[in-house]
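These numbers come from a predicted model, not from an experiment. In what follows, residues are counted from 1 in the order of the sequence shown.
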Amino acid sequence: MSITAAVPLAPTSTSTLEMPIIGIHRSPLPQKFGIPRQPNLVQIPSVIEMLVPYNTLDAFMGLEDFSHLWITWQTHHNKVQKGFRPQVRPPRLGGNSKLGVFATRSTYRPSQLGLSVVGLAGIELTDKGVSLHILGADMVDGTPIIDIKPYVAYSDAIPGAVSGFAPEPPVSKPVQISPKAQSQFDQLLIRSTQNSLSKRYQPTTLTPDDVDLIQALIAQDPRPAYRQHETGSVFMMRYKRWDIGFSMDTQGVLWLVDVSEVA
């Protein structure tokens, strides 16, 4: 049985177009909170597990010669909107100013389609078929994958392109680990020296590389824009099977304050 995603098809709002789901994204981030707001802000290792009949190695012949990929995916974690909303509040503008949805990269779109450039770390053939190991995705765990295409630098990278209200990458905030959180990490860490593709992302283990990624993710400040001024409040970001508590002090430093396993 094939799996498909239905997306709106012009010209009527009731028309739909069925698109096959060719794979599922596996990531250490099981919730939307904590996902980088753009691809490649944090080099998160993750995996696209291809589904039958798209999990044959023949379909990927030649892809290993490319460093990056275009991924089309479905924003399945968003609630389906009732009616078209022409404006959204981009976090980059503080969550207060409105812009037209088509002038932003908001995931709340009529089609529920996302588009991301990611790095290709490797192609692995397992007993289940093909897995693509990627870097820098801004997709949650379990995201349905609609299409994969190679990124071609001479046509896809436009020198001198103007980026509207987002001309520069967001500024990362400083991150520190509290003594309590460091002690908790130390008890959980597995010192792994294996560098094989299959070991890049393990959903049930925590390594020093994971701690570095957690700090890089929190440095992006995943809190809602209207709450990023708050000090002392503890927020929880889920990473694999752990909840990472963090809080901002009066100097603007984000502190990791607690690491607890999800019950």
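Annotation: side chain of W242 is not in contact with side chain of P28 (no heavy-atom distance under 4.5 Å). The closest side-chain heavy-atom distance from L217 to P36 is below 4.5 Å. The side-chain heavy atoms of L69 and L63, taken from C-beta on, include a pair separated by under 4.5 Å. Under the 4.5 Å side-chain criterion, counting only non-hydrogen atoms from C-beta, I145 is not in contact with L51. Looking at heavy atoms from C-beta onward, I148 lies in side-chain contact with M50 at the 4.5 angstrom threshold. Counting heavy atoms from C-beta on, the side chains of D221 and R37 never come closer than 4.5 Å. In this structure the side chain of K180 reaches within 4.5 angstrom of the side chain of D258, judged on heavy atoms. Inter-residue side-chain proximity for F235 and I218 is flagged as unmet; no heavy-atom pair is nearer than 4.5 Å.
In the displayed structure, K149 atom NZ is contacted under 6.0 Å by at most 12 heavy atoms of other residues, nucleotides or ligands. Other residues, nucleotides and ligands contribute at most 12 non-hydrogen atoms within 6.0 Å of the CZ atom of R105. The environment of K32 atom NZ is dense: over 12 non-hydrogen atoms of other residues, nucleotides or ligands sit within 6.0 angstrom. No more than 12 heavy atoms of other residues, nucleotides or ligands lie within 6.0 Å of CZ in R85, so this atom counts as exposed by the packing criterion.
Side-chain atoms of S116 never come within 3.5 Å of backbone atoms of V118 as a donor-acceptor pair (strictly under, hydrogens ignored). At least one donor-acceptor pair under 3.5 Å links the side chain of S178 to the backbone N or O of A181. Using modelled atom types, no side-chain atom of Q87 and backbone atom of K98 make a donor-acceptor pair closer than 3.5 Å. The main-chain N or O of S233 is found under 3.5 Å from a side-chain atom of S247 such that the two form a donor-acceptor pair.
Linking ILVMFWY side-chain heavy atoms closer than 4.5 Å, directly or via other members, places W255 and V234 in a single hydrophobic cluster. In the hydrophobic clustering of ILVMFWY residues, with side-chain heavy atoms under 4.5 Å counting as a link, F84 and V88 come out together. In the hydrophobic clustering of ILVMFWY residues, with side-chain heavy atoms under 4.5 Å counting as a link, V117 and I134 come out apart. When hydrophobic clusters are built by joining Ile, Leu, Val, Met, Phe, Trp and Tyr residues whose side-chain heavy atoms come closer than 4.5 Å, directly or via intermediates, M139 is not grouped with L115. A single hydrophobic cluster is seen to contain both F33 and V175, as judged by linkage of ILVMFWY side chains at heavy-atom distances under 4.5 Å, directly or through other members.
S46 pairs with exactly one of H25, R26, H133 by the side-chain hydrogen bond (donor to acceptor under 3.5 Å, both in side chains) rule, that one being H25.
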Walk me through it: do L256 and F185 pass the test side-chain contact (heavy atoms from CB on, under 4.5 Å)?
-> CA-CA 11 Å; L256 308 189; F185 277 132; 3.9 Å; yes
Residue pair I123, L57: steps toward the side-chain contact (heavy atoms from CB on, under 4.5 Å) verdict | CA-CA 9 Å; I123 304 170; L57 200 57; 4.1 Å; yes
For M248 and K173, what are the C-alpha separation, side-chain angles and deciding distance, and is it a side-chain contact (heavy atoms from CB on, under 4.5 Å)?
-> CA-CA 10 Å; M248 188 173 74; K173 291 183 177 176; 4.1 Å; yes
Take M237 and I214 through the side-chain contact (heavy atoms from CB on, under 4.5 Å) test and state the conclusion after the steps.
-> CA-CA 9 Å; M237 182 190 78; I214 289 168; 4.2 Å; yes
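The side-chain hydrogen bond (donor to acceptor under 3.5 Å, both in side chains) search around S172 returns Q220, not counting sequence neighbours.
To the nearest 0.5 angstrom, S183 atom OG is 12.0 Å from I177 atom CD1. One distance of note links OG1 of T107 with CG of L113; it measures 12.0 Å at 0.5 Å rounding. The line from CD of E64 to CG of L132 is 11.0 Å long, rounded to the nearest 0.5 Å. Atom CZ of residue R89 and atom OG of residue S106 lie 12.0 Å apart, to the nearest 0.5 angstrom. Interatomic distance, I24 CD1 to T143 OG1, rounded to the nearest 0.5 Å: 8.5 Å. For the atom pair Q228 CD and L254 CG, the distance stands at 8.5 Å (nearest 0.5 Å).
Scanning both residues, H76 and V140, for their nearest heavy atoms gives CE1-CG1, 3.5 Å. Of all the heavy atoms in E230 and R223, the pair that sits closest is O-NH1, 3.0 Å. The two residues L213 and P45 make their nearest non-hydrogen contact at CD1-CD, 3.4 Å. Pairing each heavy atom of N55 with each of K128, the nearest pair is ND2-O, 2.8 Å. Across every non-hydrogen atom of Y54 and I21, the tightest pair is CE1-O, 3.9 Å. Across every non-hydrogen atom of E49 and S131, the tightest pair is CG-OG, 4.1 Å.
Residue pairs that meet the ring pair (Phe, Tyr, Trp, His ring centres under 6.0 Å) test with at least one member in residues 138-164, sequence neighbours left out, are W70-Y151.
Between the side chains of D138 and Q38, no donor N or O sits under 3.5 Å from an acceptor N or O.
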